[in-house]
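Along the sequence shown, the residues carry numbers beginning at 1. Bear in mind the structure is a predicted one, so any value in this text is a computation, not a measurement.
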Amino acid sequence: MNADYGAPTELAGPLQQRRALYQPRLPPCLQGATVRVEYGDATATIDPTGAHAVAQAFPRTYGQRLVTFLAPDGTAGAGKAVDERPPIRVGVVFSGRQSPGGHNVVWGLHDALKAYNPQSILYGFIGGTEGLFANKTLEITDDVLASYKNQGGFDLLGRSIDQIRSSKQVSAAMTTCQDLNLDGLVIVGGVTSNSDAAQLAETLVQKNCKTKVVGVPVSLNGDLKNQFVETTVGFDTVCKVNSQLISNVCLDAISAGKYYYFVRLMGRKASHVALECALQSHPNMLIMGEEVALSKLTLMEVINKICDGVQARAELGLYSPSAGLFARLAENFAHHFYAIFIHIFCDKLMSRYPCSGKHHGVLLIPEGLIESIPEMYALIQEISNLHNNNVPVTEIPTQLSPWAAALFQFLPPFIRRELLLHQESDNSAQLSQIDTEQLLAHLVEAEMIKRTKEGRYKGKKFSSVCHFFGYQARGSLPSNFDCDYAYVLGHISLHMIAAGLTGYMATVANLKDPVHKWRCAAAPLTAMMSVRRHLRGPGAIPIGKPAIHPSPIDLKGKAYELLREKASSFLLDDFYRTPGGIQFEGPGSDAKPITLTIEDQDYMGDIEMLKLYLDKVKTIVKPGCSRDTLKAAISSMISVTHVLTVMSHPLNAELPLYHFN
């Protein structure tokens with residue numbers, strides 16, 4: 001473990017020093033030392049058919065009530081004096097990959113802890129979960145935090161294997177909690193880390209350990225997204241940094257006029273980062289894993305669609321848009337985000353593009369795209385199974401099934417080497433190490449050469465430049481939004497522990513509004529869980545363990561619809577947008593993710609509205625009301641019940657695409 005973790009350091013540059021002075025904002029309910037805790041109804045899971053499996057796996061923490069935090073109302077006992085509030089001992093661990101804003105979670109937790117009782121103690125576990133297992137701690141103080149406020153990275157404490165899963169690991173974590181006499185443990189991370197937090201919380205309750213376990217949604221991928229979590233800490237910053245890099249590439253492409261840039265972005269299985277960056281920078285094409293998975297496109301079908309886009313740009317002003325390639329485009333892209341341009345603009349292309357075609361462009365892909373292609377997913381699964389059976393890497397190619405071996409040999413040597421890399425800590429493929437952008441560029445070039453030889457393509461020679469924007473943004477100075485959001489979540493974490501909550505995640509709703517309108521809450525981790533299933537339909541059988549799964553792009557959502565509306569300009573017009581660097585002061589400093597601001601995600605507000613209407617019904621329909629009123633209420637309730645029953649059916653449940661194989 002790095003001996004420098006937590007060491008006070010001098011902030012070297014004036015920007016770092018200036019950022020350390022920024023004071024994150026708090027909503028009104030968190031501006032005092034205590035809050036008013038309001039308990040709502042018991043929670044369920046998003047998939048009713050998996051509720052039984054979740055309840056069986058988490059018998060002591062399933063079905064807990066939704067909790068909201070409000071400002072003290074001034075009633076007796078609402079705000080105890082500091083000396084009446086016992087000191088609290090809390091530990092915090094970075095379990096997920098480093099994301100901008102993570103340090104502010106610790107800062108917010110520390111400030112809330114000391115405001116609650118100055119004698120409270122906050123321990124940080126050095127080296128991530130390995131430090132938790134080995135009881136390697138650092139006491140977090142004002143002096144320690146001074147160098148890390150509003151700074152990027154996770155270098156305050158570091159991180160390691162990102163899991164608390166095996167019996168040995170859970171036992172070691174519990175031993176540490178008992179040895180330190182912790183009242184609470186805060187786990188900072190994404191999908192996998194919070195699934196582990198739920199299991200640890202359940203185990204500690206079973207073992208009568210007093211430590212309360214709570215999770216904080218911090219992930220640059222933005223895939224920890226559900227009815228309670230609108231976005232994750234770090235997503236905004238990472239997308240802004242990447243969008244600036246992409247816009248630079250776009251301007252380079254149009255300046256040289258002869259290269260296609262294939263840019264792969266982080267994001268794991270979901271395409272949230274790629275979608276947000278596309279809306280911010282306006283590249284020519286975006287290939288989303290969710291689209292590919294839904295249409296079950298093969299690798300060569302994806303390649304042909306990219307080639308058709310390249311050819312369409314090259315032939316602008318050279319051919320009649322009503323024939324040939326454009327007819328194929330209309331058919332091939334009928335279900336994809338840039339399909340709309342075919343039907344609207346084909347008749348106007350000749351007048352709009354009188355000059356020769358374009359031989360440059362920018363294509364974005366998520367790092368998880370390769371797993372969305374059916375045959376590649378099946379190949380990766382075979383390799384994963386062989387890894388799990390301890391087959392030596394050198395022998396894996398010889399033990400593949402015939403069709404998988406054929407596909408494996410078809411792929412370029414560099415991809416074959418990368419597919420054989422050992423798995424991540426969550427047993428998934430090392431997507432960040434698989435150069436999917438180079439694979440696509442290689443196959444697109446081969447296809448364009450083939451079309452040239454066949455006389456189907458008459459443009460200039462296709463040339464590509466590949467980039468992977470994966471690690472460049474993880475240590476960036478966080479945006480104001482991420483600074484505020486993380487600091488608020490840190491405060492909520494303390495109040496969750498003080499309220500005796502375990503197996504919960506700190507959440508904030510109404511994030512698209514100013515901070516003073518944010519709603520602070522705690523949602524049970526089990527309410528975010530579902531169980532993977534083989535098929536989608538009435539006969540689908542849940543399999544595997546309940547877990548919080550990555551949430552894919554909603555292809556019916558407003559953000560995706562916005563992309564569809566702009567797709568024609570993106571593909572043909574070089575409508576590149578330059579968002580510039582992150583602004584910390586002045587205009588643009590409070591800008592938030594586009595995908596966050598255009599979606600209607602105030603789930604907590606909708607719950608309150610439902611309660612309001614139910615209360616109105618109870619007020620109107622009560623003993624003594626007219627028979628007509630009673631009959632109307634019964635009829636309406638029957639209709640509502642039928643509709644909700646149908647919507648709750650697994651065939652129509654709003655489950656992520658990746659829940660289905």
Side-chain angles (χ1 to χ4, degrees), residues 16 19-27 29-31 69 90 92-113 115 122 124 140 144-159 186-190 193-194 197 214-222 224-225 228-241 473-497 504-512 514-516 518-522 582 584 589-593 596:
Q16 290 172 281
R19 283 307 288 159
L21 299 177
Y22 176 75
Q23 179 57 51
R25 294 159 287 189
L26 289 172
C29 66
L30 299 180
Q31 292 177 4
F69 298 106
V90 178
V92 59
V93 59
F94 289 143
S95 179
R97 288 164 175 76
Q98 52 266 39
S99 299
H103 287 150
N104 276 32
V105 174
V106 181
W107 181 17
L109 176 59
H110 172 269
D111 283 2
L113 198 67
L122 177 61
I140 305 297
V144 169
L145 283 169
S147 305
Y148 299 95
K149 294 177 179 178
N150 305 313
Q151 305 299 309
F154 273 8
D155 52 319
L156 168 61
L157 298 172
R159 52 167 283 259
V186 179
I187 296 177
V188 178
S193 299
N194 279 281
V214 299
V216 179
V218 177
S219 170
L220 60 87
N221 300 326
L224 204 179
K225 208 172 174 185
F228 304 107
V229 183
E230 296 180 1
T231 190
T232 52
V233 172
F235 177 75
D236 178 53
T237 301
V238 165
C239 289
K240 284 175 176 172
V241 172
R474 299 202 307 186
S476 173
L477 291 172
S479 65
N480 287 353
F481 173 74
D482 277 330
C483 287
D484 293 342
Y485 186 26
Y487 189 72
V488 168
L489 290 172
H491 274 258
I492 295 173
S493 299
L494 176 276
H495 294 300
M496 292 162 64
I497 295 169
Y504 277 77
M505 181 185 290
T507 66
V508 181
N510 254 18
L511 286 172
K512 64 182 178 182
V515 176
H516 70 272
W518 288 3
R519 302 171 185 265
C520 301
I582 297 177
F584 298 120
S589 60
D590 288 328
K592 298 174 181 177
L596 173 67

Contact summary for [X] and [Y], nearest pair of heavy atoms:
X      : Y      : result
Val144 : Tyr148 : O-CD1, 3.1 Å
Ser479 : Asp236 : OG-OD2, 2.6 Å
Ser193 : Ser95  : OG-OG, 2.9 Å
Arg159 : Phe154 : CD-CD2, 4.2 Å
Glu230 : Lys225 : O-CE, 3.2 Å
Cys483 : Pro24  : O-CB, 3.9 Å

Practice task
Walk me through it: do Asp482 and Lys240 pass the test side chain to side chain contact (heavy atoms under 4.5 Å, CB included)?
Solution key: CA-CA 11 Å; Asp482 277 330; Lys240 284 175 176 172; over 6 Å; no
Does a side-chain heavy-atom distance below 4.5 Å link [X] with [Y]?
X      : Y      : answer
Leu224 : Met505 : yes
Phe94  : Val218 : no
Leu145 : His103 : no
Cys239 : Pro593 : no
Asn150 : Leu477 : no
Ile492 : Leu30  : yes
Leu489 : Pro217 : yes

Rounded distance [0.5 Å steps], [atom1] in [X] versus [atom2] in [Y]:
X      : Y      : atom1 : atom2 : result
Trp107 : His491 : CH2   : NE2   : 9.0 Å
Phe481 : Leu596 : CZ    : CG    : 5.5 Å
Gln151 : Asn104 : CD    : CG    : 9.0 Å
Ile140 : Leu156 : CD1   : CG    : 4.5 Å
Tyr487 : Gln23  : OH    : CD    : 4.5 Å

Exercise for the section: Give the C-alpha distance, both sets of side-chain angles, the deciding distance and a yes or no for side chain to side chain contact (heavy atoms under 4.5 Å, CB included) between Leu26 and Val515. Expected result: CA-CA 7 Å; Leu26 289 172; Val515 176; 5.6 Å; no
Completion exercise
Given the options Thr232, Asn221, Leu220, Val238 meets side chain to side chain contact (heavy atoms under 4.5 Å, CB included) only with Leu220
Exercise for the section: Name the orientation class of the two ring planes belonging to Trp518 and Tyr485 (parallel below 30°, tilted from 30 to 60°, perpendicular beyond 60°). Expected result: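 Correct class here is perpendicular.
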Practice task
Anything under 30° is parallel, anything over 60° is perpendicular, the rest tilted; go ahead and classify His495 against Phe69.
Solution key: tilted
Problem - Full working for side chain to side chain contact (heavy atoms under 4.5 Å, CB included) between Val92 and Leu157 - result: CA-CA 9 Å; Val92 59; Leu157 298 172; 4.2 Å; yes
Practice task
Determine, for Asp111 against Lys149, whether the closest basic-nitrogen to carboxylate-oxygen distance falls under 4.0 angstrom.
Solution key: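 Not counted as a salt bridge, because no side-chain N and carboxylate O are separated by less than 4.0 Å.
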Exercise for the section: Check the pair Leu122 / Val106 against side chain to side chain contact (heavy atoms under 4.5 Å, CB included), numbers first and verdict last. Expected result: CA-CA 9 Å; Leu122 177 61; Val106 181; 4.1 Å; yes
